[in-house]
Amino acid sequence: MKGKKYITAEELKKHNKPGDLWISIQGASRWEIPLLNLAGQDVTDAFIAYHPGTAWKYLDKFFTGYYLQDFQVSDVSKDYRRLVTEFSKMGMFETKGHVAFCSLASVAVMFAIVLYGVLRCDSVWAHLGAAMVLGMLWIQSTYVGHDSGHYQVMSSRGYNRLAQIITGNCLTGISIAWWKWTHNAHHIACNSLDYDPDLQHIPFFAVSSRFFNSLTSCFYGRKLNFDPLASFLISYQHLTFYPVMCVARVNLYLQTLLLLFSNRKVPDRAFNIMGILLRCYIHSTYPVLLNHFSANVYVGPPNGNDWFEKQTSGTLDIACSSWMDWFFGGLQFQLEHHLFPRLPRCPLRKVSPVVKDLCKKHNLPYRSLSFWDANVSTIKTLRTAAMQARDVSNTAPKNLLWEAVNTHG
């Protein structure tokens, strides 16, 4: 231990700004821009979740020379790391099976069915059937894009990038670059009201009354204003949730364009733009909202020392039969996916009982609801916030739109 330089956890917290950003992995302090949300903390669990074992050899170049003097590992983290090690030894992170091939093959078959139904059939019912198949095609394309964004599903990085562009940009019209940007932030800061972009839907939705204080989004770098329009829309969000979600993809298209034509550094910008243009030329909702909207939320940055606890608190699973796995793309096991984002979808059902036992051991929540119950829970959460928004509105000045809609007599 001689010759090593040490700092305390409190001293590490001071290095939490761009240009002076330190993190700790296994008690050694390092610097890494993508983990800005976890700056000034030990982030070993998050690093293990996101990186294969081969990534450790690249850390030395970021080593500041300091070690944490008061470095401790919780019992939950010890068990979590043991699970990751066991899964790695079993080859579960590398055994991707034939999921990608089968999914892409099913997409190709559905695309052929859609073309035949539209071009070769005159029946209205055939066209409606083709539309339904097209919707399923988009959903399955999204799942493949999601998988390829978390780990390599193809034989090489080049083919993996191609799969991302085809399934994301070309088939769904949503930039894989935008998805990675927001989705990684969601995983790291799961259900943080001011750090997780997947919960920031003002003025349309608010899952917590804490949004009524006009929180500042640390992801977007702007204030989420709870103005009279937001107050009015949120007061009825439990009624407008499904109608809004029917057209919510328009917002995803808009966010894609804003990122691709912004001054931000975007990986493969040209390929992303080409994919979107191809999508426009050849011219659903996925269950993630149900997995998080009715789960626990918090305000503030994520804490690297309770990675496992935060994921269990902010996530719930959708219970279904094994034959439904294809329809959900494995994302019904949302907690397992959050804990092991590099794990292919095939073993998720297998590891689910192990995660459940670990949660029980440490008295942590493990919630698994049916698809119906998950919808009911989500609507109840939105309705609770809606009623609270009405209470807030009753003491605030009303705008003309509010008065017109709520006038009596």
Side-chain angles (χ1 to χ4, degrees), residues 25-26 34 43-60 73 75-107 140 142-164 167 176 180 183-184 187-188 190 291 307-308 311-312 315 317-318 320-362 366 368:
I25 299 178
Q26 292 283 46
V43 299
T44 305
D45 288 347
F47 183 85
I48 289 174
Y50 260 88
H51 298 82
T54 54
W56 288 88
K57 62 184 179 182
Y58 298 105
L59 290 178
D60 286 345
V73 183
D75 291 337
V76 178
S77 290
K78 288 178 182 177
D79 284 343
Y80 171 64
R81 296 174 193 182
R82 176 181 55 79
L83 276 184
V84 175
T85 301
E86 290 179 2
F87 293 165
S88 181
K89 288 180 179 178
M90 294 168 64
M92 296 177 71
F93 291 107
E94 303 303 325
T95 306
K96 308 201 171 49
H98 301 289
V99 174
F101 173 79
C102 292
S103 297
L104 289 174
S106 67
V107 167
Q140 292 301 318
T142 302
Y143 291 152
V144 176
H146 174 272
D147 292 347
S148 62
H150 273 294
Y151 53 86
Q152 190 167 304
V153 300
M154 308 299 282
S155 59
S156 69
R157 293 185 64 181
Y159 285 127
N160 198 68
R161 190 178 296 114
L162 179 62
Q164 292 175 353
T167 57
I176 192 67
K180 283 184 177 180
H183 196 66
N184 287 336
H187 267 265
I188 291 174
C190 180
N291 295 124
W307 170 263
F308 193 97
Q311 305 303 325
T312 59
T315 310
D317 287 355
I318 306 296
C320 67
S321 302
S322 57
W323 65 270
M324 289 290 293
D325 289 356
W326 183 81
F327 292 96
F328 281 105
L331 293 180
Q332 73 274 31
F333 297 108
Q334 189 71 189
L335 175 56
E336 290 76 10
H337 168 62
H338 265 254
L339 292 173
F340 313 104
R342 293 186 299 107
L343 196 65
R345 68 172 85 164
C346 290
L348 291 176
R349 183 175 289 276
K350 181 179 179 180
V351 306
S352 177
V354 180
V355 174
K356 186 176 182 179
D357 289 342
L358 186 57
C359 290
K360 184 178 180 180
K361 175 182 177 181
H362 294 283
Y366 183 93
S368 182

Within the 4.5 Å heavy-atom criterion, are [X] and [Y] side-chain neighbours or not?
{"X": "Phe308", "Y": "Ser77", "answer": "no"}
{"X": "Arg81", "Y": "Val73", "answer": "yes"}
{"X": "Phe93", "Y": "Val84", "answer": "yes"}
{"X": "Asp317", "Y": "Glu336", "answer": "yes"}
{"X": "Trp56", "Y": "Ile48", "answer": "yes"}
{"X": "Asn184", "Y": "Tyr50", "answer": "yes"}
{"X": "Trp307", "Y": "Thr44", "answer": "no"}
{"X": "Phe328", "Y": "Cys320", "answer": "yes"}

| request: Classify the ring geometry between His187 and His150 as parallel (under 30°), tilted (30 to 60°) or perpendicular (over 60°). | output: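 Because their plane-to-plane angle is over 60°, the rings of His187 and His150 count as perpendicular.
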>> Angle between ring planes, His51 versus Phe47, binned at 30° and 60°: parallel, tilted or perpendicular?
In response: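 The rings of His51 and Phe47 lie parallel, inter-plane angle below 30°.
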- Do any N or O atoms from the side chain of Gln140 and from the backbone of Val107 form a donor-acceptor pair under 3.5 angstrom?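 No; zero donor-acceptor contacts below 3.5 Å.
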Examine distances only and state if a side-chain atom of Tyr80 and a backbone atom of Leu339 form a donor-acceptor pair shorter than 3.5 Å.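 Confirmed, Tyr80 side chain pairs with Leu339 backbone.
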From [atom1] ([X]) to [atom2] ([Y]), nearest 0.5 Å:
{"X": "Glu86", "Y": "Arg82", "atom1": "CD", "atom2": "CZ", "answer": "5.0 Å"}
{"X": "His338", "Y": "Cys190", "atom1": "NE2", "atom2": "SG", "answer": "4.5 Å"}
{"X": "Lys350", "Y": "Met92", "atom1": "NZ", "atom2": "CE", "answer": "5.0 Å"}
{"X": "Met90", "Y": "Thr85", "atom1": "CE", "atom2": "OG1", "answer": "12.5 Å"}
{"X": "Leu343", "Y": "His337", "atom1": "CG", "atom2": "NE2", "answer": "10.0 Å"}
{"X": "Asp357", "Y": "Asp79", "atom1": "CG", "atom2": "CG", "answer": "11.5 Å"}

Ala49 versus Pro341, closest heavy-atom pair with distance: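 Smallest interatomic distance, heavy atoms only, reads O-CG, 3.2 Å.
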Exercise for review: Identify the two heavy atoms, one from Val144 and one from Ser103, that lie closest to each other, and give their separation to 0.1 Å.
Suggested key: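 Heavy atoms only, the tightest pair is CG2-CB, 3.4 Å.
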Which is it for Val355 and Phe333 under the side-chain contact (heavy atoms from CB on, under 4.5 Å) test, yes or no, and what are the steps along the way? CA-CA 11 Å; Val355 174; Phe333 297 108; over 6 Å; no
Salt bridge present between Arg345 and Asp147 (N-O < 4.0 angstrom):
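Yes, this pair counts.
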Note to self: Could you go through Trp326 and Ser106, starting from their C-alpha distance and side-chain angles, then the distance that decides it, and tell me whether this counts as side-chain contact (heavy atoms from CB on, under 4.5 Å)?
What the structure shows: CA-CA 10 Å; Trp326 183 81; Ser106 67; 3.7 Å; yes
Practice item. Could you walk me through whether Thr315 and Gln334 pass the side chain to side chain donor-acceptor pair (under 3.5 Å) test, one step at a time? Key: CA-CA 7 Å; Thr315 310; Gln334 189 71 189; over 6 Å; no
Begin from the C-alpha positions of Ser352 and Tyr366 and carry the test side chain to side chain donor-acceptor pair (under 3.5 Å) through to its verdict. CA-CA 10 Å; Ser352 177; Tyr366 183 93; 2.6 Å; yes
Residue pair His362, Thr312: steps toward the side-chain contact (heavy atoms from CB on, under 4.5 Å) verdict:
CA-CA 11 Å; His362 294 283; Thr312 59; over 6 Å; no
Trace of the side-chain contact (heavy atoms from CB on, under 4.5 Å) decision for Tyr143 with Thr167: CA-CA 8 Å; Tyr143 291 152; Thr167 57; over 6 Å; no
